[in-house]
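Here the structure comes first, spelled out in structure tokens, and everything after it is commentary.
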Amino acid sequence: MSKIIICGGGMIGLCAATMLARDGHNITVLEADAAGVPMTRAQAWQSWERPGVAQFRQPHNLFARFRMISDEELPELTDRLLRAGCVWVDYLDDYSLPPTITDKAPRPGDIALRFVTGRRPVP
């Protein structure tokens, strides 16, 4: 099979590397950040310096379409993210909807709109 280099060890780079490796390709992931991952989330948040990642402490959302594809291609991903500290977001929950929306009855397929979010420094 092919030898493939993935530039960047973020969510998309790692997902692509995983799927390509499952197809039998020889994958190398290049990551600019030479620092090792801290042992705990608290250490990651408080002291992990990532000067090349401007959005490091901002929320990262794995929106519904990405989550649906990753649930199909990488079925363990969502559960692993949740165990690492990410949380579900469901904009159709009663608390999320504006008070002017009175028809809050569930519709078929609503669950597909849920997504996972978390802060980037989650080892």
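Just so it is clear, the values below take in all heavy atoms, side chains as well, and ignore hydrogens, waters and symmetry mates.
Atom-to-atom distance recorded for N26:CG and I5:CD1 is 9.5 Å, nearest 0.5 angstrom. L14 contributes atom CG, which lies 8.0 Å from atom CD of E31 (distance to the nearest 0.5 angstrom). Between the CG atom in L62 and the OG1 atom in T117 there is a gap of 7.5 Å [rounded to 0.5 Å].
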Enumerate, atom names and distances included, each donor-acceptor pair closer than 3.5 Å involving a side-chain atom of residues 105-114, sequence neighbours excluded.
from	atom 1	to	atom 2	distance (Å)
R107	NH1	A105	O	2.6
R107	NH2	D103	OD2	2.8
D110	OD2	R107	N	2.7

Side-chain donor-acceptor pairs of residues 68-75 under 3.5 Å, sequence neighbours excluded:
from	atom 1	to	atom 2	distance (Å)
S70	OG	F66	O	3.2
S70	OG	R67	O	3.1
D71	OD1	T78	OG1	2.5
D71	OD2	R67	NH1	2.8

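Closest of all the heavy-atom pairs between A16 and I6 is CB-CD1, 4.3 Å. G118 and C86 make their closest contact through CA-SG, 3.9 Å (heavy atoms, listed as atom of the first residue, atom of the second, distance). Of all the heavy atoms in I27 and A17, the pair that sits closest is CG2-CB, 3.6 Å. Listed here is the closest heavy atom pair of L77 and C15: CD2-SG, 3.8 Å.
In terms of the side chain to side chain contact (heavy atoms under 4.5 Å, CB included) criterion, residue partners of T100 (sequence neighbours excluded) are, by chain and number, P98. Residues passing the side chain to side chain contact (heavy atoms under 4.5 Å, CB included) test with A64: none are found, sequence neighbours excluded.
Residue pairs meeting the salt bridge (Lys or Arg N to Asp or Glu O under 4.0 Å) criterion with at least one partner in residues 2-25, sequence neighbours excluded, are R22-E76.
Transitive grouping of hydrophobic side chains (ILVMFWY, heavy atoms separated by less than 4.5 Å) brings W88 and L81 into a common cluster.
When hydrophobic side chains of Ile, Leu, Val, Met, Phe, Trp and Tyr are connected at separations under 4.5 Å, F115 ends up clustered with F63, V89, Y91.
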